[in-house]
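Take this structure first; my questions come after.
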Amino acid sequence: MITGKNYIGFELSAKGNLSYKTFNPQLNIENQTTFIEATPAEIETACLLAESAFHSYKTFSGKDKAAFLNAIADEILALDDELIQTYCSETGLPEGRAKGERGRTIGQLRSFAELVAEGSWVEATIDTAQPDREPMPKSDIRKMMVPLGPVVVFGASNFPLAYSTAGGDTAAALAAGCPVIVKSHPMHAGTGELVASAIVKAAKKTGMPKGVFSNLNSSGIEVGTQLVKDSRVKAVGFTGSIKGGRALYDLASQREEPIPVFAEMGSVNPVVMLPEALKNRGEALAKTYASSITLGTGQFCTNPGLILGIESEALSHFITQLSAEIINIEPACMLHPNIMGAYNSKKAKALAHSELEISADYNMEVQTNYARQAVTTVKGASFIKNSDLHEEVFGPFSMVVQCKDAKELETVITKLEGQLTGTVIAETNEVSNYSKVISALQNRVGRIIYNGVPTGVEVCPSMVHGGPYPASTDSRFTAVGIHSIKRWVRPFSYQDWPNNLLPDELKNENPLEISRLLNNTQTRDAI
């Protein structure tokens with residue numbers, strides 16, 4: 001029997017009695033490796049090591065952390081075909097997607113390495129003393145960002161690399177100076193273990209403390225629950241369902257010392273199609289959105305699950321064209337039978353709604369675990385009064401809401417829960433006529449797209465991947481890009497400390513040559 005093990009610090013461990021296997025949805029069979037669930041004792045050890053590692057790791061220089069992050073990227077690349085084949089066997093996704101996601105993961109790690117090597121991200125702020133100020137002298141006060149402590153990261157089902165073991169949450173937390181304990185996702189535990197081995201190799205090569213990283217297996221909620229409750233854990237990162245994210249948020253809030261949970265959760269990503277654009281480009285938009293709805297079998301958190309328009313001949317024609325285009329697309333495999341089952345269940349619930357009209361529902365024979373795409377439509381008034389129609393159907397499904405006028409369109413948007421993205425399809429000359437609609441959309445989303453599709457999240461400093469609840473648990477932060485590091489730090493001030501006892505980031509001579517806010521002026525100069 002091939003046994004998948006837990007990484008407790010740098011050591012492999014498999015002491016538990018509970019086991020499970022991953023699943024190949026393309027072949028509809030279990031994979032060979034048996035994974036052993038982490039025991040309470042192993043969780044305890046991982047947390048103890050993480051706490052111990054934090055005391056030294058938080059003092060490591062930006063250059064040392066950069067070397068670690070770059071080494072992780074190198075070791076992931078060294079896994080080569082073994083990683084790609086394992087990824088595909090556990091997800092049903094094609095090789096091209098696996099390699100693309102690996103590239104994104106490598107890019108994230110290297111971008112954080114560049115960030116911490118340069119060092120200005122700590123937002124060093126210095127207000128020098130004014131001992132002669134009247135009527136009261138002013139102290140010397142200096143501020144910078146410092147790491148929170150050990151972070152638990154939950155792997156995401158739909159991104160085994162970019163949002164999981166060495167994904168954005170882990171990369172950002174390690175860059176910030178926080179040890180990480182990953183609760184590996186059970187659907188791709190083999191991929192997770194391989195990536196964990198790369199992180200451990202990198203940690204050893206670059207002289208990182210033993211508990212800087214651990215990877216724990218679990219098919220249920222018990223391991224995650226114990227981790228979030230542990231007093232040594234100081235923050236949580238999660239990408240997944242509203243139900244799962246909310247459960248973790250509540251659990252963390254009920255602790256004696258509550259901790260932040262940065263969860264990126266559900267979103268239907270409304271697309272507003274304005275009349276002139278539909279009239280001029282309806283057929284092209286139908287083709288574009290049929291592809292976007294079915295991309296990755298609809299298993300993206302930015303999938304366009306809701307299309308909003310004003311009743312017109314052009315909108316009716318668009319619905320007809322979208323329905324025709326989406327039926328012509330070959331169905332694809334979903335990540336796991338459980339995800340397939342949830343999609344079928346939520347889709348069936350939606351299709352059974354008395355006020356919903358089915359515009360397209362793929363009814364040909366498909367392979368096991370392949371999803372049948374669907375398009376539905378509903379009147380704006382019905383959508384407003386039936387909140388159950390607002391729920392995400394995770395998969396290749398989209399609903400077109402036909403509003404009677406701009407006012408109803410605005411009302412529909414204001415009734416929506418928080419979303420990751422909103423899209424406006426418009427001609428330039430008509431945008432100003434719908435300023436209230438666009439303003440309403442801005443209030444409900446974290447990112448607004450103009451004449452594009454929401455699928456695809458560029459990893460760059462300007463990206464916001466988050467939004468009002470329940471898109472995320474804290475709309476002030478992004479889960480993508482270098483600014484996502486801000487989730488894992490807190491501001492900290494030193495008052496009247498001797499220069500030689502200050503961290504290098506705040507010393508008079510500015511030995512790191514970073515950009516600092518010195519008496520309200522941004523500069524790299526020494527004092």
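As a basis for the values below, the full set of heavy atoms in this structure was taken, side chains included, without hydrogen atoms, waters or symmetry mates. Just so it is clear, the structure is predicted and the values come from calculations on it, not from any experiment.
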- Query: Can you name the nearest heavy-atom pair linking Ala66 to Val116, along with the distance?
  - Reply: N-CG2, 3.9 Å
- Query: Is Glu123 paired with Lys486 through a side-chain N to carboxylate O contact shorter than 4.0 Å?
  - Reply: yes
- Task: Would you sort out whether His390 and Phe383 count as a ring pair (Phe, Tyr, Trp, His ring centres under 6.0 Å), showing the intermediate values?
- Result: CA-CA 7 Å; His390 303 193; Phe383 185 83; 4.0 Å; yes
- Check the pair Ser515 / Gln522 against side-chain hydrogen bond (donor to acceptor under 3.5 Å, both in side chains), numbers first and verdict last. CA-CA 7 Å; Ser515 180; Gln522 202 71 37; 2.9 Å; yes
Expected list for residues 294-301: side-chain donor-acceptor pairs under 3.5 angstrom, two or more places apart:
from: Thr294; atom 1: OG1; to: Ala290; atom 2: O; distance (Å): 2.8
from: Thr294; atom 1: OG1; to: Ser291; atom 2: O; distance (Å): 3.3
from: Thr297; atom 1: OG1; to: Cys333; atom 2: O; distance (Å): 3.0
from: Gln299; atom 1: OE1; to: Leu335; atom 2: N; distance (Å): 2.8
from: Gln299; atom 1: NE2; to: Gly296; atom 2: O; distance (Å): 3.0

- Please walk me through it: do Ile72 and Phe112 pass side chain to side chain contact (heavy atoms under 4.5 Å, CB included)? CA-CA 12 Å; Ile72 294 172; Phe112 280 111; over 6 Å; no
- Message: Less than 6.0 angstrom from the centroid, inside 45 degrees of the normal: does Arg476 satisfy that with respect to the ring of Tyr469?
- Response: no
- Non-hydrogen atoms of Ile199 and Ala166 that approach each other most closely: CD1-CB, 3.8 Å
- Message: If you compare all heavy atoms of Pro304 against all heavy atoms of Ser398, which two are closest, and at what distance to 0.1 Å?
- Response: O-OG, 2.8 Å
- Query: Step by step, would you call Ser184 with Glu193 a side-chain hydrogen bond (donor to acceptor under 3.5 Å, both in side chains)?
  - Reply: CA-CA 8 Å; Ser184 183; Glu193 186 175 322; over 6 Å; no
- Item | Reported CD1-to-CG distance for the pair Ile106 and Leu77, which is rounded to 0.5 angstrom | 4.0 Å
- Message: Side chains of Thr421 and Asn269 only: does a donor on one sit below 3.5 Å from an acceptor on the other?
- Response: yes
- Query: Do NZ/NE/NH1/NH2 and the carboxylate oxygens of Lys287 and Glu283 come within less than 4.0 Å?
  - Reply: no
- Query: If you round to the nearest 0.5 Å, how far is NZ of Lys379 from CG of Asn386?
  - Reply: 15.0 Å
- Item | Under-4.0 Å salt bridge between Asp74 and Arg110 | yes
